> 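Before I ask anything, here is the structure I am working with.
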Amino acid sequence: MDPYGYGPRLDPDPKSMGGVPSSSQSDINQLLDQILCITDQTLDEAQVRKHTLNCHRMKPALFEVLCQIKEKTVLSQRHGEQEDVPDPQLARLDNMLVAEGVAGPEKGRGDQAASTAAAASASGQPETTVEHVDYKNKLSEIRSIYHLEFEKYEQACNEFTTHVMNLLREQSRTRPITAKEIERMVRIVHQKFLSIQGQLKQSTCEAIMILRSRFLDTRRKRRNFSKKATEVLNEYFYSHLANPYPSEEAKEELARKCNITVSQVSNWFGNKRIRYKKNISKAQEEANGYTGKPTMQSQHLEDYGLMLPPPSEWNDFHHTPSPHLHSPDHWPAEHHQIDPGLRDDKDGRSLTR
DNA sequence: ATTTATGATTGACG
DNA sequence: CGTCAATCATAAAT
């Protein structure tokens, strides 16, 4: 109660005011009346009254009384105060933001990812690294938004704080306000704004999580290889149709050329073999008498120089460019392991994780 | 909105 | 391990 520190009314026993002559008693009552009905007056009127009150000779004394009373009540009021709560939740959010490079030192900013992308495309192959690049792109987008909002809130907080302080200072001319009170008020304001920033952090974290699941979780958000990469792969495939099993070195070479990983090359060839075979048996098996362009289905193989040997000729090991091969209806499942010793796969057998 | 193309994953096999 | 075959999940095409 009495949050403004006016304290109890003075009127019950005006005589208690020390040696004040009884002639001033009516003075005081008059004064109090004026104060009490001050809200009934218009603003201009009130300003005038306020000024006269301020200049009243009794004002300092009354103010002093107010201060004393407040001093007493405040003492009993200073209790149910709990200090700032550490809030482990917020700490976790902060940790995550720092770990993700969103909070903390502001490095790179928006143009960093863009320049990385430019470098990648300039160097020739804007592929697999692409996914990292636009991951970073999105991340820095989030980061800039985060910082923008953060600064906005900080600024708003400062503005509001100074406003409140000015208000309190202004009011301290007419009612007693201790420095501690101001400090407390400021702390409350800061706390409120901190909680808002906490929400900002939370939603930022959520955005990052979504981004992660969208980009880093392979198999989701699949990106097709670039035109050039598939061309290179197809070229190798169709020029080694007789034995489309690239060695480890060949895979590395292809991976380098296409700017994809060796695992991706393996995946590609695995898919290609099985799907090529499927298409052959489906649409081309009958139409294979020709050596030219057997079917519309076989997508412009002409582009890759070598023509597809019809399935019946896969058995033909006469002209096999590769070491061994005799394939029944399809390629042999027998595979040679070339030097199982050195393996430098950094990512196991796929990009996952 | 539905279908096709395609990169990645999974389990079986040797 | 590397491969096949089936399957998943999405990108691209219709």
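Each chain gets a letter, A, B and so on, in the order its sequence line appears, and its residues count up from 1. All of these numbers come straight from a predicted model, not from anything done at the bench.
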> Within the structure, does a side-chain N or O atom of A/K277 lie under 4.0 Å from either OP1 or OP2 of C/dA5?
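Yes, such a contact exists.
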> Can you tell me how far apart CD (A/Q202) and CZ (A/R92) are? Round to the nearest 0.5 Å.
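Reported to 0.5 Å precision, the distance equals 9.5 Å.
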> Given the structure, check if the side chain of A/N224 and the base of B/dA5 hold any donor-acceptor pair shorter than 3.5 Å.
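Side chain to base: no pair below 3.5 Å.
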> Would you say A/N267 places a side-chain N or O within less than 4.0 Å of OP1 or OP2 belonging to B/dA8?
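Looking at the OP1 and OP2 atoms of B/dA8, one of them is under 4.0 Å from a side-chain N or O of A/N267.
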> For A/H56, I'd like to know if atom NE2 has over 12 heavy atoms of other residues, nucleotides or ligands within 6.0 Å.
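Enclosed: over 12 neighbouring heavy atoms sit under 6.0 Å from NE2 of A/H56.
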> Quickly work out the A/K272 NZ to C/dA5 P distance and round it to whole Å.
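In whole Å, C/dA5 P lies 16 Å from A/K272 NZ.
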> For the side chain of A/K251, counting heavy atoms from C-beta on, which of C/dA6, B/dT6, C/dG2 is nearest?
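Out of C/dA6, B/dT6, C/dG2, the nucleotide with an atom closest to A/K251's side chain is C/dG2.
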> C/dG2 P sits how many Å from A/E249 CD, rounded?
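One finds 12 Å between P of C/dG2 and CD of A/E249, rounded.
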> Rounding to an integer number of Å, can you tell me how far A/W268 CH2 sits from C/dC4 P?
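To the nearest whole Å, that distance equals 13 Å.
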> Write down the distance between CD1 (A/I274) and P (B/dA8), rounded to a whole number of angstrom.
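Answer to the nearest Å: 17 Å.
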> Among residues at least two apart in sequence or on other chains, which ones pass salt bridge (Lys or Arg N to Asp or Glu O under 4.0 Å) with A/K192?
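Partners of A/K192 under the salt bridge (Lys or Arg N to Asp or Glu O under 4.0 Å) test: none.
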> Give the nucleotide from the list B/dA5, C/dT3, B/dA8 with an atom nearest to the side chain of A/R222.
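Side chain of A/R222 sits closest to B/dA5.
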> Take atom NZ of A/K278 and atom P of B/dT4, then tell me their distance rounded to the nearest Å.
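In whole Å, B/dT4 P lies 14 Å from A/K278 NZ.
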> Check the distance between B/dG7's P and A/R273's CZ and give it to me in whole angstrom.
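Computing the A/R273:CZ to B/dG7:P distance gives 14 Å.
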> Does a salt bridge link A/R256 with A/E253, judged by any charged N lying under 4.0 Å from a carboxylate O?
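Salt bridge: yes.
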> Quick check for you: among C/dT7, C/dT3, C/dA5, whose closest atom lies nearest to any side-chain atom of A/R275?
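Given the options C/dT7, C/dT3, C/dA5, the side chain of A/R275 is closest to C/dT7.
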> Output yes when at least one side-chain N/O atom of A/Q264 is less than 4.0 Å from OP1 or OP2 of B/dG7, else no.
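The answer is no; no side-chain N or O of A/Q264 sits under 4.0 Å from OP1 or OP2.
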> Write out all pairs satisfying ring-ring contact (aromatic ring centres under 6.0 Å, His included) with one or both partners inside residues 249-271 of chain A, taking only residues at least two apart or from two chains.
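Matches after skipping sequence neighbours: A/Y236-A/F269.
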> What's the CG-C1' distance between A/N271 and C/dA9, to the nearest Å?
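After rounding, the gap between these two atoms is 13 Å.
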> Can you check the A/N279 CG to C/dA5 P distance for me, whole Å?
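These atoms are roughly 14 Å apart.
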> Do the side-chain N or O atoms of A/Y276 get closer than 4.0 angstrom to the phosphate oxygens (OP1, OP2) of B/dA5?
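Checking A/Y276 against B/dA5: no side-chain N or O falls below 4.0 Å of OP1 or OP2.
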